[in-house]
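Naming: A, B, ... by sequence-line order, numbering from 1 per chain.
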Amino acid sequence: MSRYNARTVEPKWQQAWEAAESFAARHDPTRPKYYVLEMFPYPSGRIHMGHVRNYTMGDVVARTKRAQGFNVLHPMGWDAFGMPAENAAMERGAHPGDWTYQNIADMREQMKPLGFSLDWTREFATCDPDYYGQQQALFIDMMEAGLITRKSAMVNWDPVDMTVLANEQVIDGKGWRSGAVVERRELTQWFFKISDMADELLGALDGLKDWPEKVRLMQANWIGKSRGLQFSFDLTAPAHGMDKVEVYTTRPDTLMGASFVGISPDHPLAKALEAENADLKAFNDECRKTGTSEEALEKAEKRGFDTGLKARHPLNPDWELPVWVANFILMDYGTGAIFACPAHDQRDLDFARKYDLPVIDTFIAAENGAPVTDEAFVPPKSEAVKWIDHFAGLDVATGDEAIDRTIDFAEKAGWGEGVTKFRLRDWGLSRQRYWGAPIPMVHCDDCGLVPEKKENLPVELPRDVDFSTPGNPLDRHPTWRDTPCPSCGKPAKRETDTMDTFVDSSWYFARFTSPRADTPTDLDEASYWMNVDQYIGGVEHAILHLLYSRFFARAMVKTGHLPASASEPFNALFTQGMVTHETYETRNDAGRPVYHTPDEVVRDGDAVRLADGTPVTVGPIIKMSKSKKNVVDPMDIIDQYGADTARWFVMSDSPPERDVEWTAAGAEAAWKHLQRVWRLVAEGDHSAEGVAPEGSEEALTLTKLTHRTIRDVSDGIAQFQFNKSVAKLYELTNAIAKSKGTGAAEKSARHFALTTMAQLMQPMTPHLAEEMWAALGGSGLVIDAPWPVADYSYLVENTVTLPIQVNGKRRGEVTVAADASKEEIETLALADGAVQRFLDGKQPRKVIVVPGRIVNVVV
RNA sequence: GCCCGGGUGGCGGAAUUGGUAGACGCAGCGGAUUCAAAAUCCGCCGAUCUAACGAUCGUGGGGGUUCGAGUCCCCCCCCGGGCACCA
């Protein structure tokens with residue numbers, strides 16, 4: 001029996017492609033280009049199944065487009081800055097740079113054997129000074145274009161380690177290393193003014209026809225455009241020079257139900273009052289112990305503090321409302337102050353009940369409306385309700401109408417203004433960390449903040465840094481900060497904040513079009529290659545990465561680094577599901593979770609334990625991530641079965657947009673199938689080809705199926721339904737195996753089916769496909785053969801079998817000519833034995849005939 | 001808490017988008033081949049009842065629209081992703 005040996009075959013073809021420079025992308029204006037990009041990986045050091053799945057999908061698209069005649073750009077790089085490198089430095093003493101470049105080398109070694117059609121000549125890492133230097137140039141240009149600002153923002157502060165923590169590093173409100181209770185602290189930070197583009201980023205979503213609807217929805221909700229009323233409550237007595245509280249509300253129609261005025265613990269008034277009120281100070285400090293994440297704030301128990309101040313209702317000066325500080329009011333949204341209407345907001349109602357504040361109904365259900373008791377009455381804004389004493393004279397009206405009328409009323413009366421606001425905040429890019437791109441700014445005592453001169457870029461990270469104590473090593477470096485002022489030349493200090501790693505990944509797709517240019521992009525190259533025609537990556541990036549990239553593309557158009565046509569950089573987006581796996585955890589002495597990798601765990605029936613016998617708790621099935629250690633190493637599969645098996649396996653079964661739980665079973669099956677395909681080639685009789693199939697029923701049937709398979713596999717790939725393409729290839733394989741005819745027509749039909757299979761399998765299992773192609777006598781490389789096109793004359797059938805239903809249940813079937821009339825079908829269906837039995841001599845009440853689909857007889 | 005997805009045999013999933021539920025694969029069972037095993041080949045394979053023909057039930061749960069619902073509408077449950085310093 002002929003065996004296919006991936007170990008020798010795969011490197012052979014990889015060398016052939018490399019020798020031919022098959023995948024090097026060359027600018028050629030005479031050919032249509034196609035840019036395929038998968039989200040580049042963080043170099044953790046090991047590839048995982050998620051990578052294999054992601055990059056195989058992109059490779060299938062790239063190889064198919066290449067066969068279809070496109071000039072394909074399919075590059076690869078590394079998202080190389082970020083916290084794990086610093087953590088490794090702290091834990092193991094490795095330098096973040098050494099650690100990162102070693103990981104890149106390791107991962108490249110693991111990726112190369114997979115045979116991806118990548119243009120490795122364009123590879124770069126975001127931590128290359130060449131890359132981040134261009135990023136610094138971009139930053140300076142964006143600064144000049146007015147896209148950057150500086151203002152204060154909240155950070156998670158670890159008071160023991162004296163350092164800023166990422167949200168991920170705050171566990172149950174405590175610092176992950178120190179265990180100290182984390183507090184919110186204000187820091188002056190650098191920001192991209194993305195909120196200036198909020199409306200445009202929202203509006204342009206409509207044009208992204210080839211993006212998943214869910215991603216556009218998530219982005220629209222994130223941007224969060226709202227129309228509301230902004231106005232002030234006058235305080236009955238000024239406090240600390242403040243005589244009013246400005247609020248923003250999207251439900252001004254509920255103003256007559258106002259119960260109290262609420263301000264954020266970080267509101268200027270709350271902070272001013274702290275000075276003389278120790279209890280309030282204690283309350284606010286307690287609130288600040290919730291981290292900065294919206295999730296933590298929203299989940300925290302709702303608590304409040306009565307300031308004792310009173311505010312006048314704008315419509316009735318005699319109506320005084322108490323002013324409360326409440327922990328659920330975000331300083332970042334609106335004005336950091338609200339009025340609460342407990343009758344029509346569940347959170348306000350819970351708060352009012354807790355602190356015994358009034359609940360005043362503003363409107364009731366149009367029919368049988370009862371006053372609010374335990375549950376707030378919050379109907380959709382489009383539903384008509386009955387208004388109680390509405391100042392603008394409404395009786396029965398929808399919320400939407402009432403909001404419009406109220407804003408109108410307030411504007412005419414002059415005490416309020418209709419305002420459109422966005423939930424989207426400016427993008428804080430400052431990080432108080434070492435392993436990121438330095439912000440190329442200099443602090444000069446005389447000149448203030450001055451950008452570094454472009455000829456001095458890159459501002460390189462110093463190599464000699466010390467991670468033995470927490471905090472930003474750049475701050476502590478003895479000399480790195482010292483630099484002459486780019487403007488006046490006097491001694492000055494560098495900015496020590498580095499950039500958020502989202503900045504690095506917001507323009508790498510543009511850099512790939514001219515990765516060695518000495519400007520951020522080469523406009524000529526960018527104009528040819530942009531946009532990315534197909535972008536592929538995880539849904540977990542649906543909001544932030546994609547929104548930031550859309551902002552950056554616009555910023556790069558503004559600063560002349562991209563053509564105007566590239567302001568939406570990704571024509572089509574596909575979000576693949578995640579590769580998930582169970583998590584395994586034990587607890588350390590401090591009771592904190594410690595995670596374990598699947599290969600450390602022994603599963604023996606229900607019992608789960610470590611190799612040393614320690615019992616393990618099985619946690620939820622979640623996306624594979626380094627921090628939870630629930631990762632599986634694909635190298636084991638590649639070593640055992642070869643790259644094609646791994647590639648085939650991740651393309652089969654699970655639809656690509658869906659999460660897939662990794663299980664070891666199935667890789668074996670993929671391998672068996674590829675062996676079977678190879679045997680059909682190696683043991684087949686290829687003495688006939690080009691013989692017309694029409695003389696043989698068997699040959700004709702197989703040829704028809706081959707053409708249907710061309711159509712179905714091509715459609716499956718075009719629609720990102722690779723699992724269906726795989727299923728169709730299984731069917732064709734089964735049919736070839738069943739065909740045993742020894743005539744020239746049958747042999748020829750099998751030869752045609754197998755050469756076609758080699759071409760159709762090429763995007764998924766390229767090495768096997770080359771081997772098949774060569775054995776079948778194909779000329780040149782199969783990757784250079786044009787994509788097969790189905791002959792439609794083989795796709796039409798002249799009879800069709802329709803199911804017959806009686807009362808909606810299938811009772812039989814009828815085979816008719818494809819062009820049979822409704823009447824003919826009905827006559828034939830009614831003559832069917834099963835139908836006669838159910839009719840029992842009676843006339844049918846109704847007969848529904850859907851040609852080509854179904855017949856339904858209603859008795 | 002808020003926003004967005006998902007839930008179909010023992011398992012991964014398919015279903016022409018309102019028209020035969022379970023394609024294809026895995027696992028399992030039976031058979032052929034073999035001294036034997038592996039590999040390979042052939043057949044069966046949602047549940048219940050039935051000797052069989054067939055019948056009834058069945059797409060997370062409950063209700064509805066329709067000649068016809070996995071697919072559309074309403075309510076609920078469970079799982080996952082995101083929540084602005086994980087990438």
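Using a 4.0 Å heavy-atom distance criterion, A/Gln432 is classed as a base contact. Looking at heavy-atom distances under 4.0 Å, A/Gly538 makes no contact with the nucleic acid at all. Base contact: A/Trp222 has a heavy atom under 4.0 Å from a base atom. The residue A/Val164 sits close to a base: some heavy atom pair falls under 4.0 Å. As judged by a 4.0 angstrom heavy-atom cut-off over every strand, A/Val155 is placed among the base-contacting residues. Residue-level contact check: A/Ile848 touches the bases, meaning some heavy atom is under 4.0 Å from a base atom. Here A/His673 lies out of heavy-atom contact (under 4.0 Å) with every strand. Contacts of A/Asn856 with the nucleic acid, taken as non-hydrogen atoms under 4.0 Å apart, include base atoms. Across all strands shown, A/Leu802 has no heavy atoms under 4.0 Å from either base or sugar-phosphate atoms.
Looking at A/Glu295, its side chain comes within 3.5 Å of the base of B/C83 through a donor and an acceptor atom. Between the side chain of A/Asn221 and the base of B/C3 there is no donor-acceptor pair of N/O atoms closer than 3.5 Å.
Distances shorter than 4.0 Å separate none of the side-chain N or O atoms of A/Arg708 from OP1 or OP2 on B/A23. The shortest distance between the side-chain N/O atoms of A/Arg431 and the OP1/OP2 oxygens of B/C86 is not below 4.0 Å. Residue A/Asn723 has a polar side-chain atom (N or O) positioned under 4.0 Å from OP1 or OP2 of B/A14. The phosphate of B/A69 (OP1 or OP2) has no side-chain N or O of A/Lys809 nearer than 4.0 angstrom. Here A/Arg423 does not reach the OP1 or OP2 of B/A84: none of its side-chain N or O atoms lies under 4.0 Å away. Distances shorter than 4.0 Å separate none of the side-chain N or O atoms of A/Ser652 from OP1 or OP2 on B/G25. Residue A/Arg658 has a polar side-chain atom (N or O) positioned under 4.0 Å from OP1 or OP2 of B/A14. Side-chain nitrogen and oxygen atoms of A/Ser293 include none within less than 4.0 Å of the OP1 or OP2 phosphate oxygen of B/C83.
Checking B/G81, B/G5, B/G13 against every side-chain atom of A/Pro655, the shortest atom distance belongs to B/G13. Listed nucleotides B/G12, B/C83, B/U17 differ in distance to A/Asp653; the shortest reach to its side chain belongs to B/G12. Checking B/G13, B/A84, B/G54 against the side-chain heavy atoms of A/Leu544 singles out B/A84 as nearest. Set against B/G82, B/C83, B/A39, the side chain of A/Lys672 has B/A39 as its closest nucleotide. Listed nucleotides B/A87, B/C67, B/G1 differ in distance to A/Glu298; the shortest reach to its side chain belongs to B/G1. Distances were taken from every side-chain heavy atom of A/Val850 (C-beta onward) to each of B/A21, B/G19, B/C67; the shortest belongs to B/G19. In this structure, the nucleotide among B/G82, B/U20, B/C86 sitting nearest to the side chain of A/Asn167 is B/C86. Among B/A84, B/A55, B/C67, the nucleotide with an atom closest to any side-chain atom of A/Phe838 is B/A55. Comparing atom distances between the A/Asn734 side chain and each of B/G54, B/C4, B/G25 picks out B/G25 as nearest. When each of B/G81, B/U40, B/U20 is scored by its nearest atom to the side-chain atoms of A/Arg679, the top-ranked nucleotide is B/U40.
A distance of about 11 Å separates the P atoms of B/G63 and B/G58, rounded to the whole Å. Using C1' as the reference atom, B/G25 and B/G62 are 34 Å apart when rounded to the nearest Å. Taking atom P in both B/C79 and B/C29, one finds a spacing of 34 Å when rounded to whole Å. Nucleotides B/C26 and B/G9 place their C1' atoms 13 Å apart, quoted to the nearest Å. Atom name P, nucleotides B/G70 and B/G61: the rounded distance is 12 Å, in whole Å. Taking the C1' atom of each, B/G80 and B/C75 are spaced 22 Å apart, rounded to whole Å. For the C1' atoms, the distance linking B/G13 with B/G30 amounts to 26 Å, nearest Å.
Base-pair partner of B/G80: B/C4 (Watson-Crick or G-U wobble, both distances under 3.5 Å). Remark: B/U40 base-pairs with B/A32; criterion is Watson-Crick or G-U wobble with both hydrogen-bond distances under 3.5 Å. Pair check for B/A27 finds none; no Watson-Crick or G-U wobble contact set falls under 3.5 Å. Pair check for B/U56 finds B/A47; Watson-Crick or G-U wobble, both atom distances under 3.5 Å. Look at B/U65: it lacks any Watson-Crick or wobble partner with both distances under 3.5 angstrom.
Between A/Trp427 and A/Tyr548, the ring centre distance stays below 6.0 Å. Here A/Phe502 and A/His545 keep their ring centres 6.0 angstrom or further from each other. Proximity of the aromatic rings of A/Phe40 and A/Tyr508 is defined here by a centroid distance below 6.0 angstrom, and this criterion is met. Ring to ring, A/Trp507 and A/Phe551 are not that close: their centroids are 6.0 angstrom or more apart.
Each of A/Lys214 and A/Arg676 lies near RNA chain B, and the nucleotide nearest A/Lys214 is the one positioned closer to the 5' end. Both A/Glu657 and A/Glu731 lie close to RNA chain B; mapped to their nearest nucleotides by heavy-atom distance, the more 5′-ward contact belongs to A/Glu657.
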I would like to know whether A/Leu729 and A/Met757 meet side-chain contact (heavy atoms from CB on, under 4.5 Å); could you show each step before the answer?
CA-CA 7 Å; A/Leu729 287 165; A/Met757 271 243 292; 4.1 Å; yes
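Glycosidic torsion of B/U17 falls within 90° of 0, placing the base in syn. Classified by its glycosidic torsion, B/G9 falls in the syn category, the angle being within 90° of 0.
Both tests do not hold together for A/Arg184 against A/Trp157: distance to the six-membered ring centre under 6.0 Å, angle to the ring axis within 45°.
Contacts of A/Thr290 classified as side-chain hydrogen bond (donor to acceptor under 3.5 Å, both in side chains), with partners at least two apart in sequence or in another chain: none.
When only modelled atom types and interatomic distance are considered, A/Asp350 and A/Gln346 share a side-chain donor-acceptor pair under 3.5 Å. For the 3.5 Å distance criterion, the side chains of A/Glu668 and A/Gln640 fail to qualify, holding no donor opposite an acceptor.
Counting to the nearest Å, the P atom of B/G1 and the CZ atom of A/Phe328 are 16 Å from each other.
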